[in-house]
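Shown next, in structure tokens, is the structure this report addresses.
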Amino acid sequence: MSSQYQFSDIEKKWRLAWEKSELYKIEIDPNKPKYYVLDMFPYPSGSGLHVGHPLGYIASDIVARYKRLKGFNVLHPMGYDAFGLPAEQYAIQTGQHPAITTEQNIKRFREQLNTMGFSFDWTREVKTCDPNYYKFTQWIFSLFFNHWYDTLAQKAKPIKELEQHFSVHGSKNSCVYPGDFTPFSAAQWRAFSPLQKHEILNQCRLAFMDETTVNWCEAMGSILANEEVVNGLSERGEHPVIRKKMKQWSLRITAYADRLIEGLNRIEWSNAIKEIQRNWIGKSQGAEIEFVVRGTLKTLRVFTTRPDTIFGATFMVVAPELENLSEFCTEKNWPSVSAYANKSRNRSEIERMAETHKTGVFTGLEAINPFTGEPIPIYVGEYVLANYGTGVIMAVPAHDERDFAFAKSFNLPIIPVIKPAHSELDLPLTEAFSAKEGTCFNSGFLDGLSVADAISAATAKIVKAGWGKTTVHYKLREAGFGRQRYWGEPFPLVYDAQGIPSILESLPVELPSVEIYKPTGNGKSPLSALTQWVNTPKGIRETDTMPGWAGSSWYFLRYTDPNNPQDFASKEALHYWNQVDLYIGGSEHATGHLLYSRFWTKFLFDLGFIAWDEPFQRLVNQGMILGEDGQKMSKRWGNVVNPDDVCAAYGADALRMYEMFLGPITDSKPWNTQGIEGVSRFFGKFWRLFYHGENWAVTDIPATKEELKILHKTIKKISDDIENLSFNTSISAFMVAVNELTGLQSRKREILEPMLVLLAPFTPYLSEELWHRLGNSGSSNDKRIDSMSIHTTQWPMHDSGYLTEDYFAYPIGINGKTRAQIEFDLNASEDEIQAAVLGHAMVVKWMAGKPMKKFILVKGRIVNVVV
RNA sequence: GCUCGGGUGGCGGAAUAGGUAGACGCGCAGGACUUAAAAUCCUGUUUUCAGAAAUGAAAGUACGGGUUCGAUUCCCGUCCCGAGCACCA
């Protein structure tokens, strides 16, 4: 056995030993409290890892190991989000089946993870592309299909119950979300054809077919989700994206909008992520108001959050995409209006956003402002969006910047109705006064009211007069759930001759093999070419596949019981492992995965499958590790550091320790290759506490009070720091302790053995090795290595008795400036201390004969003399 | 533009129920060991001024104010950086 620290031999030896003994395999154990610590599901890319990737895994592994040592039964699994575009793109390029390349990537990924010494229970590995897994993804989809949302009960209910309701009561009191179908009676329902029934039920199902404007990317031959489009270009590849009507499956996430906002108050996530989700859901409280179109029986319904400004509404604007646009236009004006509308419709998002000034066309019609009775012109204008609110606005140019700009270009009247509470407006206005505080004027019965009061007063009047109602609108859109792609979960359904879908009960519906992976270009997936597969005795299959986020929206539940063939997870496993206690991953998933997972969790909660409705109790977003030049690590900049190289040169323990030492886990910070030397030197120093030259130097001599103080101070610090995920400071504490012990030439088992346990979560290999060299090896015929592994021992308790001091060297300040330091017994009285301080030569000097005004003593902290 | 974070040595960063600013590490400088180098170890290292030195003084946590015996920490204003959202009525 070498007296030197030879990390490569040590790490290899223990890696094999741990694997052989299945050290990290866990089972339900009702006698132990559970702890579930999870890393975000990685996509097994072929390009390998850089040192930034494992950052979160190292942090979660430290917590997992710490919790185990504290006596918790820790669930710490790993798996792969294996469906998705990159594997498919690779298949298109190389003609290799994505399942094969994905499997190769997974193998390599797992090797890299194992090198770094993570304590994953690999018997629980899940892959979203495995039929044994996606069988349940398909099953959950069928649950969405078979449920509707009851707005009164605020939960999902079986569609059968709704059909029952319809056949007895018709649509009356059905409380179905969103419920904007034409009302019908029970008799009518019973008389409806299957197709008519389907069309109504489709408007109720939580998974439904939606004719929507989608983001169509020609280059990729697919629809993209809103979050996959950045500034009118595809996030991946930066291809142009246009808007296109398409029928596809969607999930009715907006039914859960309120609960998704509310739940944020009950979870420990960063403010940033909560705020992003709130913005994304974009709830606004307001009113819908009917404006009569002058000279017709028609009305235009607007949505506004500022009914207090209605006396200043001087025109209206309708969105060009509005279906029934022609109804709100005179015949004479129709040619110019429809020309404008067509142009807008065909313009891409980028073009429309690039437009700096407001455009529009007069419709020739006027509406009556219900409050003033005055007619106001109706325009069609691109700046009004069809898919938000009602697609129609009342424009108040004095108090809205966009309306102001529009009024300026069309020379429309600008009537101010709100002024600052304690000053006057400068008239004429040069810009909109859009503050949400102020006082009403020019506003009839609202004059003198504050904005808040005027909103309630105006709303009350609107409701009382029957002009409208209070409503809530959301920015959140329904979640498009179809991709015209090959490498994803097939939908478990077929359509009959009339196009009515029905669920296939026998799961999984396996993804068939194809010859050509490339999208067809006509908007259909490669599966549509497989006529034999598509045509079944029961009907025609859906050929879209599910999006990448389908499998990742529930994988954390599967880990609790990953090999269960009957259920997505057993009741017992779900009950025992419960919520994820700590979830670590990047913040880029704020509006995708993290929102969808919360949605699915709430849905499964409604159905009674799980007893909690938030998946991740505590979420931590790790920062990025930048290249040494301070730029993002990428091949393009040539600044990528490969963890394999670091492990080979310094060892996995050093990589783990150094990544944690760089700075707070949540911060982005640059990598510095020289910095890792510091960690290496620390290992050397620590090792030399055990070895003096060639010789083993640890003794059983009892430790001194001073040594015990160092140990217990460190136990307390490390325990607190891990709980707070403050790993950088715990590593400093280790270094301080080792420096102090080296100074004392302290080589006692009583100190070093607990120090090793403290270090074990950070440096699993080094700690295990020295633990065994200390003699914790059990008998040679003991086959179960975990009975003697440091990773199954107990975390030391700190004894505050060793930490209390008898004396403290007080800094003595004169008017707040430290001028001297005097040691006092901590039990000394204030009078005693004051007398001694005032008699001290330095104090006398700095008081310079001036009288003392005040004497401040903070016990154990500071003394300050005020003169 | 709006929202949320954040500005501390040459660098990564410590320290906030208000109490000795700069822990720990990197880098740098000097020294020990060595024929020499590497490795290792030791010492110093916020800035300015005075001093040969020990040391002493002043300033200092983006900037300007305020509260306080005392502010990196709390309050007000300004500037800068990062992230998110962005015609959402």
Side-chain angles (χ1 to χ4, degrees), chain A residues 231 270-280 282-284 286-287 302-307 309 313 316-317 319 352-353 355-356 358 381-385 387-396 399-403 405-406 434 473-477 587-588 590-591 621 623-624 626 628 630 657-658 661-664 666-682 684-685 688 726 728-739 742 809-821 852-867:
Chain A
N231 291 326
S270 73
N271 280 335
I273 298 279
K274 288 187 185 182
E275 205 53 35
I276 290 170
Q277 291 210 342
R278 282 193 199 100
N279 288 343
W280 189 260
K283 179 178 183 173
S284 18
V302 306
F303 173 67
T304 180
T305 56
R306 296 292 303 272
T309 63
M316 298 184 78
V317 187
R352 281 177 69 153
M353 288 197 295
E355 190 77 68
T356 47
K358 300 274 175 284
E382 213 169 53
Y383 82 96
V384 174
L385 308 175
N387 56 4
Y388 183 75
T390 59
V392 183
I393 63 157
M394 62 171 210
V396 184
H399 303 292
D400 182 286
E401 284 160 44
R402 296 148 302 172
D403 297 345
F406 193 89
S434 53
H473 280 283
Y474 301 92
K475 286 201 284 184
L476 184 69
R477 294 286 111 80
S587 55
E588 66 273 19
T591 57
N621 302 113
M624 251 187 310
L626 308 169
E628 267 180 288
M657 195 88 164
Y658 184 57
F661 187 53
L662 274 174
T666 51
D667 287 7
S668 288
K669 55 252 157 182
W671 179 264
N672 176 350
T673 295
Q674 281 172 325
I676 202 169
E677 299 279 357
V679 167
S680 264
R681 278 176 211 151
F682 163 76
K685 268 192 197 173
R688 283 193 296 278
S726 178
N728 56 328
T729 52
S730 42
I731 293 166
S732 297
F734 280 128
M735 290 174 169
V736 170
V738 168
N739 287 345
T742 302
Y810 284 89
I812 312 298
I814 314 295
N815 284 342
K817 285 219 174 287
T818 307
R819 298 298 182 183
Q821 202 166 52
M852 184 185 80
K853 279 193 197 152
K854 205 170 176 183
F855 185 86
I856 291 150
L857 168 71
V858 182
K859 207 161 199 178
R861 288 273 191 192
I862 201 168
V863 170
N864 193 19
V865 182
V866 186
V867 296

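A note on names: the letters A, B, ... follow the listed sequences, proteins ahead of strands, and every chain is numbered from 1.
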(Q) Let me confirm one number: the CZ-CD1 distance from A:Phe661 to A:Ile676, rounded to the nearest 0.5 Å. (A) 11.5 Å

Q: Measure the acute angle between the ring planes of A:Tyr383 and A:Phe406, then classify it against the limits of 30° and 60° as parallel, tilted or perpendicular.
A: tilted

(Q) What's A:Val858 touching, base or sugar-phosphate or nothing? Going by heavy atoms closer than 4.0 Å. (A) base

**Q.** Candidates B:A23, B:G25, B:G19 - which lies nearest the side chain of A:Asn864
**A.** B:G19

Q.
Between B:U20 and B:G60, how far apart are the two C1' atoms, rounded to whole Å?
A. 15 Å

Q | Heavy-atom neighbours of A:Arg278 CZ exceed 12 at 6.0 Å | A | yes

Q: Check the distance between B:U20's P and A:Ile862's CD1 and give it to me in whole angstrom.
A: 6 Å

**Q.** Distance in Å, A:Asn387 CG paired with A:Lys475 NZ, rounded so as to fall on 0.5 Å steps
**A.** 12.0 Å

Q) In whole Å, what separates the C1' atom of B:G12 from that of B:C4? A) 25 Å

Q: Please report, rounded to the nearest Å, how far the P atom of B:C85 is from the OH atom of A:Tyr388.
A: 17 Å

Q) When you check every protein heavy atom under 4.0 Å of nucleotides 40-49 of chain B, what one-letter string (B, S, -) results, 5' to 3'? A) SS--------

Q: Any chance you could measure A:Ile814, atom CD1, to A:Met852, atom CE, to the nearest 0.5 Å?
A: 10.5 Å

Q) Could you give the distance from OG1 (A:Thr305) to CZ (A:Phe303), rounded to the nearest 0.5 Å? A) 6.5 Å

**Q.** Student check: side-chain heavy atoms of A:Thr742 and A:Arg688 closer than 4.5 Å
**A.** no

Q.
To the nearest 0.5 Å, what is the distance between CG on A:Asn672 and OH on A:Tyr658?
A. 4.5 Å

Q | Residue pair A:Val384, A:Val392: steps toward the side-chain contact (heavy atoms from CB on, under 4.5 Å) verdict | A | CA-CA 7 Å; A:Val384 174; A:Val392 183; 5.9 Å; no

Q: For the residue pair A:Lys685 and A:Asn739, confirm or rule out a side-chain donor-acceptor distance under 3.5 Å.
A: yes

Q. RNA chain B: A:Thr390 or A:Ile276, which has the more 5' nearest nucleotide?
A. A:Ile276

Q: Mind checking A:Ser284 for me? I need base, sugar-phosphate or nothing, with any heavy atom below 4.0 Å counting as a touch.
A: sugar-phosphate

Q: For B:A59 versus B:A21, give the span between their C1' atoms, rounded off to a whole number of Å.
A: 14 Å

Q) When the distance from CG of A:Asn815 to P of B:U68 is rounded to whole Å, what number comes out? A) 15 Å

Q: Tell me, please, which residues at least two apart from A:Arg681 pass salt bridge (charged side-chain N to carboxylate O under 4.0 Å, His left out).
A: none

Q | side-chain contact (heavy atoms from CB on, under 4.5 Å) against A:Ala820, all qualifying residues, sequence neighbours excluded | A | A:Ile812, A:His840, A:Met842

Q) Taking atom P of B:G19 as reference, at what distance in whole Å does atom OH of A:Tyr810 sit? A) 16 Å

**Q.** Rounded distance in Å between the P positions of B:U61 and B:U73
**A.** 9 Å

Q: Could you measure between the two C1' atoms, the one in B:G9 and the one in B:U47, and give it in whole Å?
A: 9 Å

Q) Using 30° and 60° as the class limits, which term best fits the ring planes of A:Phe734 and A:Phe682: parallel, tilted or perpendicular? A) tilted

Q. A:Gln821 near the nucleic acid: base, sugar-phosphate alone, or nothing, with a heavy-atom cut-off under 4.0 Å?
A. base

Q.
Quick check: do A:Val396 and A:Thr304 have side-chain heavy atoms less than 4.5 Å from each other?
A. no

Q) What is the distance from CH2 of A:Trp280 to C1' of B:A83, rounded to the nearest Å? A) 15 Å

Return the polar atom pairs (N/O with N/O) between nucleotides 59-61 of chain B and the protein under 3.5 Å, or none.
none

Q: Classify every nucleotide of nucleotides 3-15 of chain B by which part a protein heavy atom approaches to under 4.0 Å, writing B for the base, S for the sugar-phosphate alone and - for neither, in 5'-to-3' order.
A: SSS------BSSS

Q) Rounded to whole angstrom units, what separation is found between the CZ atom of A:Arg819 and the C1' atom of B:G70? A) 14 Å

Q) Any chance CD of A:Glu628 has more than 12 other-residue heavy atoms, nucleotides or ligands included, within less than 6.0 Å? A) yes

Q. Reckon A:Ile856 touches a base, only the sugar-phosphate, or nothing at all at heavy-atom distances under 4.0 Å?
A. base

Q: For B:A71 and B:U16, measure between their C1' atoms and round to the nearest Å.
A: 10 Å

(Q) I'd like the C1' distance from B:G6 over to B:G27, given in whole Å. (A) 25 Å

Q | Interatomic distance, A:Ser270 atom OG to A:Ile276 atom CD1 [nearest 0.5 angstrom] | A | 7.5 Å

Q: Considering only atom C1', compute the distance from B:G56 to B:G5 and round it to an integer number of Å.
A: 42 Å

**Q.** Length of the CG-C1' vector between A:Asn739 and B:A23, whole Å
**A.** 11 Å

**Q.** Base orientation of B:G6, syn vs anti, 90° cut from 0
**A.** anti

Q) Hey, where does RNA chain B pair up into stems, meaning at least three consecutive Watson-Crick or G-U pairs with distances under 3.5 Å? A) B:1-7 with B:79-85, B:10-12 with B:24-26, B:27-32 with B:40-45, B:46-50 with B:55-59, B:62-66 with B:74-78

Q | Distance, rounded to the nearest Å, where A:Tyr658 contributes OH and B:C24 contributes P | A | 17 Å

